[in-house]
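One structure is given here, and the rest of the page talks about it.
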Amino acid sequence: MRWEGERQSDNVEDRRGSGGGGGFGIGGRGIGVGTIVLALIGWGVFGINPLTIIGMMSGGGPAVVQQQGPAKAPPAEDKGAAFVSTVLASTEDAWSQVFAQANARYTPPRLVLFRGATPTACGTGQSAMGPFYCPGDQKVYLDMDFFDTLSGQLGAPGDFARAYVVAHEVGHHVQNLMGLTDKVDAMRGRVSQAQQNALSVRLELQADCFAGIWANKSQQARSWLEQGDIESAMNAASKIGDDALQKRSQGYAVPDSFTHGSSAQRMRWFSQGFKTGSVQACDTFGAQSI
């Protein structure tokens, strides 16, 4: 992926030097991939805030929350921050194009870089959750140590695998702008838990498909993909499927508890978005089979 020299977004906020944090990264202080799986299962099956579960799994103590000062941009010499800023800029361009074609205006999210833990409109965000989107403040939160976990522990290396992760979270922002997130949240408590889990899976798979749309549009605009990049993203999608994570954590998968989709499903929907570049083709809620 030839990203250097491309436009960087100025919608990036760097909280990493704000004090606090530490100890909540995946694989650190007893917080591992299994904890993430348990947190997501708890949210999907029991309706428990995954941030609460992670606090319990880390010993019951409160998260160390960074004290916030004025928002600041990442240092210019930070190559990792430059990479995610470039990917974010490409999502801004891609989705602005898509929205404009529908006679609408795209409002991009802000991406927050942090370490350890940070306050959000959705509660205290922690690194052990992995990257996440908060609809309450329309921000994507990322501890870039997750990229080391993605590569080292989960076996999904490569710049484009990392770009896919960012694009997936931006996909959730697009869903929020479209009103889809609120519709799914409104169903909580009105349908069975199995039905709620199924809705969550469709929401996540659509975000994967939207990440595929980003890959399609950004490639058309920049021709920046290299041999193996799409395979890298597909590999990342497979490594973070519910079945793969559950088997890694507990040795077996429980399909009824899936909240994000299986590896095969995540790869299929990313590929669908990439091949078509069409929002209509990403209608996971209307699809009879996912």
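On a predicted model such as this, the values are computed, not experimentally measured, just so you know.
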What pair of heavy atoms forms the shortest contact from Ala81 to Leu113, and how long is it?
CB-CD1, 3.9 Å
Is there a donor-acceptor contact under 3.5 Å from the side chain of Asn216 to the main chain of Phe274?
yes
Before giving the answer on side-chain contact (heavy atoms from CB on, under 4.5 Å), spell out for Lys139 and Glu13 the whole-Å C-alpha distance, their side-chain angles and the decisive distance to 0.1 Å.
CA-CA 10 Å; Lys139 294 181 179 180; Glu13 176 182 341; 3.6 Å; yes
Would you say the side-chain atoms of Asp137 and Tyr133 include a donor-acceptor pair closer than 3.5 Å?
no
Say whether, by atom type as modelled, one donor and one acceptor occur between the side chain of Arg105 and the main chain of Phe99 under 3.5 angstrom.
no
Non-hydrogen atoms of Ser223 and Arg2 that approach each other most closely
O-NH2, 2.8 Å
Closest heavy-atom pair and its distance - Cys282, Ile213
SG-CD1, 3.7 Å
Check whether any side-chain heavy atom of Leu142 sits under 4.5 Å from a side-chain heavy atom of Phe147, and report yes or no.
yes
For Lys183 and Met187, which heavy atoms make the closest approach, and how far apart are they?
O-CG, 3.3 Å
I want to check something: taking the side chain as every heavy atom from C-beta on, are Tyr141 and Arg15 in contact at a cut-off of under 4.5 Å?
yes
Closer than 3.5 angstrom, by distance alone: can the side chain of Gln195 be matched with the main-chain N or O of Ser192 as a donor-acceptor pair?
yes
So do Val166 and Leu111 actually touch side chain to side chain, heavy atoms under 4.5 Å?
yes
Check step by step if side-chain contact (heavy atoms from CB on, under 4.5 Å) holds for Met178 and Phe210.
CA-CA 12 Å; Met178 291 179 172; Phe210 284 175; 4.2 Å; yes
Do Asp93 and Arg222 sit within salt-bridge range, that is, some charged N less than 4.0 Å from a carboxylate O?
yes
Does the Thr86 side chain pair with the main chain of Ala82, one donor and one acceptor, at a distance under 3.5 Å?
yes
pair Phe114-Ser127: side-chain heavy atoms closer than 4.5 Å:
yes
Is there a side-chain contact between Trp3 and Asp159, using heavy atoms and a 4.5 Å cut-off?
yes
Would you call Asp208 and Arg266 a salt bridge, using N to O less than 4.0 angstrom?
yes
With rounding to the nearest 0.5 Å, note down the distance linking CG in Asp283 to CD1 in Ile290.
12.0 Å
Is a side-chain donor or acceptor of Asp143 paired with a backbone partner of Phe146 at a separation under 3.5 angstrom?
no
Is there a side-chain contact (heavy atoms from CB on, under 4.5 Å) between Ser200 and Val184? Walk through the geometry before answering.
CA-CA 8 Å; Ser200 176; Val184 171; 5.7 Å; no
Give the C-alpha distance, both sets of side-chain angles, the deciding distance and a yes or no for ring pair (Phe, Tyr, Trp, His ring centres under 6.0 Å) between Tyr164 and Trp269.
CA-CA 13 Å; Tyr164 152 73; Trp269 284 99; over 10 Å; no
For the pair Arg162 (side chain) and Leu150 (backbone), establish whether a donor and an acceptor sit closer than 3.5 Å, ignoring hydrogens and angles.
no
If we ignore hydrogens and angles and just use 3.5 Å, is the side chain of Gln206 paired with the main-chain N or O of Leu203 as donor and acceptor?
no
Any non-hydrogen side-chain atom of Val140 less than 4.5 Å from a side-chain atom of Pro131?
no
Quick one, Met144 with Arg115, criterion side-chain contact (heavy atoms from CB on, under 4.5 Å). Give me CA distance, side-chain angles, the key distance, then yes/no.
CA-CA 8 Å; Met144 287 197 295; Arg115 284 197 182 99; over 6 Å; no
Whether Thr276 side chain and Gln272 backbone form a donor-acceptor pair below 3.5 Å:
yes
Using 0.5 Å steps for rounding, measure from the CG atom of Asn176 to the OG1 atom of Thr181.
4.5 Å
Short side-chain to backbone donor-acceptor contact, Asp229 and Glu226, under 3.5 Å
yes
From Met267 atom CE to Leu205 atom CG, the distance as rounded to the nearest 0.5 Å:
11.5 Å
Is the closest basic N to carboxylate O distance between Arg202 and Glu204 below 4.0 Å?
no
Can you measure from CG (Asp10) to CZ (Arg110) and round to the nearest 0.5 angstrom?
7.5 Å
Is it true that Asp78 and Arg16 make a salt bridge, defined as a side-chain N closer than 4.0 Å to a carboxylate O?
yes
So, for Ala94 and Lys217, which heavy atoms are closest and what is the spacing to 0.1 Å?
CB-CB, 3.7 Å
Find the distance between CD (Glu6) and OG (Ser85) and round it off to the nearest 0.5 Å.
13.5 Å
Does the Gln219 side chain pair with the main chain of Trp224, one donor and one acceptor, at a distance under 3.5 Å?
yes
Are any of the side-chain heavy atoms of Ser271 and Arg268 separated by less than 4.5 Å?
no
Taking the side chain as every heavy atom from C-beta outward, state whether Trp95 and Val174 have any pair of such atoms under 4.5 Å apart.
yes
Which of parallel (below 30°), tilted (30 to 60°) and perpendicular (above 60°) describes Phe160 and Trp214?
parallel
Looking just at side-chain N and O atoms, do Ser9 and Glu92 make a donor-acceptor pair shorter than 3.5 Å?
yes
Any idea which heavy atoms bring Gly136 and Ala121 closest together, and the distance?
C-CB, 3.7 Å
